[in-house]
Amino acid sequence: MKVLVPVKRVIDYNVKVRVKADNSGVELANVKMAMNPFDEIAVEEALRLKEAGGADEVVAVSIGPTQNQETIRTALAMGADRGIHIEAPHEVEPLAVAKLLKEVVAREEPGLVFVGKQAIDDDCNQTGQMLAAILGWAQGTFVSGIEIRGDTAAVVREVDGGLEHLEVKMPAVVTVDLRLNEPRYASLPNIMKAKKKPLDSMSAGDLGVDIAPRLTITRVEEPPAREAGIKVSDVGELVDKLKNEAKVI
Amino acid sequence: MSILILADHDNGQLAAATLNTVTAATEIGGDIHVLVAGDASGEVAKAAAAIAGVSKVLTADAGTLSHGIAENIAPLIQSMAAGYSHLMAPATTTGKNIMPRVAALLDVMQVSDIIKVESADTFQRPIYAGNAIATVTSNESVKVVTVRSTAFEAAAAQGGSASIEAVDGGADSGLSSYVKSELSSSERPELTSAPIVISGGRGMQDGSNFAMLEKVADKLGAAVGASRAAVDAGFVPNDYQVGQTGKVVAPDLYVAVGISGAIQHLAGMKDSKVIVAINKDEEAPIFQVADFGLVADLFEAVPELEIKLD
Ligand SMILES: Cc1cc2nc3c(=O)[nH]c(=O)nc-3n(C[C@H](O)[C@H](O)[C@H](O)COP(=O)(O)OP(=O)(O)OC[C@H]3O[C@@H](n4cnc5c(N)ncnc54)[C@H](O)[C@@H]3O)c2cc1C
Ligand SMILES: Nc1ncnc2c1ncn2[C@@H]1O[C@H](COP(=O)(O)O)[C@@H](O)[C@H]1O
């Protein structure tokens with residue numbers, strides 16, 4: 001069985017993003033980029049499945065500009081076998097990403113697609129569910145545990161009330177949550193080896209998918225800033241402020 | 001214009017976030033219908049029919065709809081979509097699971113997690129963990145939208161008198177089956193709608209120390225939350241997590257104890273009305289958003305706080 005892992009290139013989670021002065025978006029120039037943290041978890045899970053004998057190939061795919069090949073190389077350095085880069089000139093929305101991935105699925109025929117639960121730039125939380133929909137596959141979302149049992153995957157989902165256990169029929173799309181695993185770091189020798197691993201490149205047009213955006217972002221702005229607060233000297237003063245000034249207790 | 005809202009519920013009770021979604025729909029304008037897809041969820045349908053502003057409740061009752069299985073509910077909503085201008089749901093784990101599947105079946109892009117309605121087709125939503133707010137316009141024939149409940153007031157739970165109509169529940173996709181749930185039970189208010197939240201972080205050192213926070217919470221009628229670090233360390237269950245990838249809260253009072261204030265945590269609580277931080281490191285970033293900061297060892301400050309609340 002093959003596992004397909006879509007990996008997105010996003011602003012590193014440690015970077016404090018800045019809104020552009022003309023309110024057209026956020027500043028991307030000279031900003032540190034990295035693999036979406038959830039996608040690192042997805043790659044890790046695919047690798048563990050392979051190491052346990054449950055998968056024989058892990059394929060990483062990324063959609064975006066040429067620089068996304070670096071993100072694919074990161075996945076390859078972690079241990080993925082092969083990469084596919086789908087060149088796209090602009091930010092691609094989840095629906096179009098799902099359609100491109102559907103074409104990749106048709107060619108690669110994976111048994112599982114491990115998707116991040118959410119990209120930390122657009123915070124959409126859509127792509128995996130959309131891909132499952134257009135493939136007509138089962139979806140296990142926000143997953144913090146997976147066990148393969150024959151042709152079903154037993155998944156544990158993180159839901160608002162706690163945890164939920166589902167059995168999903170394979171092939172399936174699984175979106176991974178934070179507590180599924182702790183991703184490994186790529187070692188230097190593996191980073192070197194990754195440079196020689198196969199990486200195919202194609203364009204969105206080659207796959208016959210229309211990637212024109214459906215939504216228009218008309219403005220991006222800073223959220224309203226909070227007014228500066230004060231330091232209280234002790235618990236007594238804190239309780240007094242909450243009771244008499246803020247009147248919240 | 002008519003709007004269909006997918007109710008969030010557990011067959012017995014309507015989730016409060018549904019009320020906030022009704023408010024967002026009211027701001028868009030038009031007839032508001034609520035879909036209760038479930039199994040023996042008659043009480044939920046009655047509760048939905050009583051919400052002020054709702055004109056019709058549609059109930060789909062079937063065993064295959066009992067646990068919010070997206071593969072069964074999404075085609076049901078797709079089959080009902082004709083005639084609606086908007087399909088909406090609260091951005092709870094149920095809404096987030098189902099609505100993108102609906103959107104893709106209808107070949108439209110979803111607008112996730114809106115915090116403001118500017119017009120029937122234009123919304124504001126946070127991106128980059130709330131460090132930027134995007135204004136987004138959708139020209140899709142039907143707008144699929146999820147709603148951040150903390151950004152909208154709750155609609156009145158009483159006062160409405162919507163009609164209740166049954167619709168066919170559709171077939172089982174046969175793709176996913178529910179096995180079981182492990183739900184945290186608590187006598188305290190629900191995290192996302194509680195008026196006061198007290199959260200602990202890695203500084204709590206151990207799960208058993210959360211008992212200190214619980215005592216304070218009991219005196220204040222507060223819910224207890226946590227940072228990701230506290231959940232990852234196993235101090236408390238996953239449903240306590242507040243943040244970019246956990247729950248978003250905006251209570252009247254948020255007390256952060258032993259939490260440093262990472263961007264991802266702030267994303268889930270910085271719209272609280274009053275923020276208190278208790279942290280022994282005076283440089284901790286949480287103090288930048290705190291209205292009242294107390295630099296102290298939490299193991300001394302929290303028990304003292306509990307006593308002083310009497
Ligand atoms: C993709 C992604 C998503 C994430 N999503 C979330 C999310 O949804 N929610 C979230 O919270 N985090 C999230 N994080 C993690 C986030 O980046 C931080 O790592 C996390 O919030 C840190 O938790 P903390 O503040 O409890 O721990 P730390 O940063 O370790 O802070 C502990 C604090 O406790 C204080 N302290 C220690 N001992 C005491 C004492 N005795 N008395 C008083 N103070 C004390 C310390 O001074 C310190 O400030 C996410 C990260 C990533 C990469
Ligand atoms: N451009 C992209 N390239 C590869 N994977 C993507 C891309 N966009 C989204 N994804 C995948 O979809 C997940 C969820 O993204 P989103 O729906 O945008 O929150 C990510 O964690 C990735 O696994």
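Letters A, B, ... are given to chains in the order of the sequence lines, protein chains preceding strands, and every chain is numbered from 1.
- Note: A:Leu163 CG to B:Lys180 NZ = 9.5 Å, rounded to the nearest 0.5 Å.
- Scanning residues 26-45 of chain A against chain B with a 4.5 Å heavy-atom cutoff picks out A:Val26, A:Leu28, A:Phe38, ordered by number.
- By the 4.5 Å heavy-atom criterion applied to side chains, A:Trp137 and B:Leu175 are not counted as neighbours.
- Between B:Ile69 and A:Leu166, the closest heavy-atom pair is CD1-CD2, 3.7 Å.
- Side chains of B:His67 and A:Glu164: no donor on one and acceptor on the other come within 3.5 Å.
- Looking at A:Thr127, there are no atoms closer than 4.5 Å to chain B (heavy atoms on both sides), in backbone or side chain.
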Let me see the working for B:Ser176 and A:Gln139 under side-chain hydrogen bond (donor to acceptor under 3.5 Å, both in side chains), right down to the final yes or no.
CA-CA 8 Å; B:Ser176 288; A:Gln139 67 187 50; over 6 Å; no

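- Remark: A:Lys231 is positioned above the aromatic ring of B:Phe287, its terminal NZ or CZ atom under 6.0 angstrom from the ring centre and at most 45 degrees off the axis.
- If you measure heavy-atom distances from A:Gln118 to chain B, the contacts under 4.5 Å come from the side chain alone.
- Considering CG of A:Asp123 and CG of B:Asn131, their distance stands at 9.5 Å, rounded to 0.5 Å.
- Inspection of non-hydrogen atoms places A:Leu238, A:Val239, A:Lys241, A:Leu242, A:Lys243, A:Glu245, A:Ala246, A:Val248, A:Ile249 of residues 238-249 of chain A under 4.5 Å from chain B.
- Between chain B and the residues A:Val10, A:Ile11, A:Thr141, A:Asp121, the largest count of heavy-atom pairs under 4.5 Å involves A:Asp121.
- Along residues 172-184 of chain A, the residues that come nearer than 4.5 angstrom to chain B, judged on non-hydrogen atoms, are A:Leu178, A:Arg179 in order of number.
- Residue A:Arg226 comes nearest to B:Lys273 through the heavy atom pair NH2-O, 3.0 Å, listed as atom of the first residue, atom of the second, then distance.
- Side-chain contact between B:Asp239 and A:Asp160 is absent, with no heavy-atom pair separated by less than 4.5 Å.
- Annotation: the span from A:Gln129 atom CD to B:Arg101 atom CZ amounts to 9.5 Å, rounded to 0.5 Å.
- Heavy atoms of A:Arg157 lying under 4.5 Å from chain B belong exclusively to its side chain.
- Neither the backbone nor the side chain of A:Ala98 comes within contact range of chain B; no heavy atoms are under 4.5 Å apart.
- At a heavy-atom separation below 4.5 angstrom, chain B is approached by A:Arg214, A:Leu215, A:Thr216, A:Ile217, A:Thr218, A:Arg219 within residues 209-219 of chain A.
- Residue contact with chain B, scored on non-hydrogen atoms closer than 4.5 Å, involves the backbone of A:Asp234 exclusively.
- With hydrogens and angles left out, the side-chain atoms of B:Ser112 and A:Gln126 include a donor and acceptor closer than 3.5 Å.
- The parts of A:Val232 that come within reach of chain B are both its backbone and its side chain, each placing non-hydrogen atoms under 4.5 angstrom from that chain.
- Contacts of A:Lys117 with chain B are made by side-chain atoms alone, with heavy-atom separations under 4.5 Å and no backbone atom involved.
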